[in-house]
Amino acid sequence: MKKIKIIYGLICTCFLLPGCSGSEDALLLPLEVSAEVATGVTRAVTEANYDKSSFELGDEISVSLKNPVSPTTYKKGNSGWLPSSGGEGLITIGNQTYVATYPTTFSGILEDQRSMQNFWQSNQLKSEATATANKVTFSFVPVAAKITIVVSHNADNTAEWATVSGPGIRTGGSSSEDIKLLITSGDNKRMHSYVGIIYPGTGRTYKITIQDVGASGSKSYTQSTAIELKAGYNYRYNFSETNDLILTSVTVTPFQDMPEENAGSAT
């Protein structure tokens, strides 16, 4: 049975003042947490499906009041989301607004996203929700944008690496920054795909560079027209490659697998 705490506001004064009654007492209860990744936003973590689609046993989220205080970590277990350190966790008077983030170890968008773990670590999810009584439900969405590079080849080829370079693409600052992208096309010899998490915002310009195994040199494309990168959207650049890297199209869709809307063109 859950512990219930009663705060009696100014008990001594209450007994002395007229009109003071037990109805003014504040009932404190442990916060009950539930959390999910917004439907369709991401996919299971495998070599081909590199995002996160749902929370699994052992996953942890950080939860705090909207007015920042030290967050409390909750872990998903067989009985739901409970404080990872044990005990009651957060205590609420009900109907308060909370902020939750994932992963708990997020420290910023990483330069090297060539592993699924680093891509995952760069992809912060966030949710804000108001508790109903002592229960709060979080629905997480991405904080950053995503860039996807797809290159079609007319002959067998092996992907080696791809990078994106430009001002503030990891931190939002003005200095030039690099992102090394995750290869997601596996052993496909004719179509190579790469993906990375990129900082959202207006006025973004950047250079895309790819290198294939055994190629004499890298090839690049520059997004010279400043664009807006929206949080939660995937900016997909489709190229064909012969002697040069030729842009064939750019699509902008939500992170989800089957987009329900289009945010426009990035060119």
Side-chain angles (χ1 to χ4, degrees), residues 37-38 40-54 102-103 106 108-125 140-153 157-166 168-171 177-201 204 206-213 218-223 227-241 245 247-259 262-263 265-267:
V37 179
V41 168
T42 52
R43 296 174 292 181
V45 180
T46 68
E47 183 175 336
N49 299 319
Y50 37 81
D51 289 330
K52 189 168 185 65
S53 61
S54 60
Y102 174 89
F106 177 82
I109 296 174
L110 300 177
E111 176 181 350
D112 188 351
Q113 298 181 31
R114 291 176 296 179
S115 69
M116 286 185 292
Q117 182 64 35
N118 280 11
F119 172 88
W120 188 28
Q121 182 67 29
S122 299
N123 186 19
Q124 187 184 41
L125 306 179
F140 285 78
V141 295
V143 171
K146 180 164 63 176
I147 187 167
T148 300
I149 312 301
V150 178
V151 184
S152 299
H153 297 268
N157 222 324
T158 302
E160 185 170 356
W161 54 258
T163 62
V164 179
S165 304
I169 61 172
R170 289 190 297 107
T171 65
E177 297 170 343
D178 299 328
I179 297 174
K180 300 173 183 177
L181 304 181
L182 172 67
I183 298 174
T184 58
S185 48
D187 296 329
N188 196 318
K189 301 295 186 181
R190 294 293 183 100
M191 181 173 289
H192 301 162
S193 59
Y194 315 82
V195 68
I197 298 298
I198 189 168
Y199 198 92
R204 290 280 178 260
Y206 39 82
K207 182 179 181 180
I208 298 166
T209 306
I210 67 164
Q211 175 72 50
D212 294 324
V213 173
S218 61
K219 298 173 182 179
S220 63
Y221 167 83
T222 299
Q223 175 65 53
I227 65 169
E228 178 183 5
L229 298 179
K230 297 180 180 180
Y233 281 84
N234 178 25
Y235 295 76
R236 172 172 167 151
Y237 288 75
N238 299 296
F239 296 96
S240 62
E241 192 265 356
L245 194 59
L247 181 67
T248 57
S249 66
V250 181
T251 58
V252 184
T253 60
F255 272 33
Q256 61 202 58
D257 290 345
M258 297 298 292
N262 195 306
S265 172
T267 56

Apply side-chain hydrogen bond (donor to acceptor under 3.5 Å, both in side chains) to [X] and list each qualifying residue two or more places apart in sequence or on a separate chain.
{"X": "Gln124", "result": "none"}
{"X": "Ser152", "result": "none"}
{"X": "Ser115", "result": "none"}
{"X": "Asn188", "result": "none"}

Residues which pass side chain to side chain contact (heavy atoms under 4.5 Å, CB included) with [X], listed by chain and number, not counting sequence neighbours:
{"X": "Glu111", "value": "Arg170, Asp178, Lys180"}
{"X": "Tyr199", "value": "Ile109, Arg204"}
{"X": "Thr222", "value": "Lys207, Ser224"}

Shortest non-hydrogen separation from [X] to [Y] and the atoms involved:
{"X": "Gln113", "Y": "Leu182", "value": "O-CB, 3.2 Å"}
{"X": "Ala145", "Y": "Tyr235", "value": "CB-CE1, 4.1 Å"}
{"X": "Pro200", "Y": "Lys230", "value": "CB-C, 4.2 Å"}

Problem set entry | Any side-chain donor near an acceptor of the partner, Thr248 and Asn238, under 3.5 Å | no
For this session: Mind telling me whether Tyr237 and Tyr206 have parallel, tilted or perpendicular rings, with 30° and 60° as the class edges?
Result: perpendicular
For this session: Just say parallel, tilted or perpendicular for the rings of Phe140 and Tyr102, cut-offs at 30° and 60°.
Result: perpendicular
Using modelled atom types and a 3.5 Å cut-off, is there a donor and acceptor pairing between side-chain atoms of [X] and backbone atoms of [Y]?
{"X": "Tyr194", "Y": "Thr163", "result": "no"}
{"X": "His192", "Y": "Asn157", "result": "yes"}
{"X": "Glu177", "Y": "Thr171", "result": "yes"}
{"X": "Ser220", "Y": "Thr209", "result": "no"}

For this session: Please identify each residue that fulfils salt bridge (Lys or Arg N to Asp or Glu O under 4.0 Å) with Glu241, with sequence neighbours left out.
Result: Lys219
Problem set entry | salt bridge (Lys or Arg N to Asp or Glu O under 4.0 Å) against Arg114, all qualifying residues, sequence neighbours excluded | Asp112
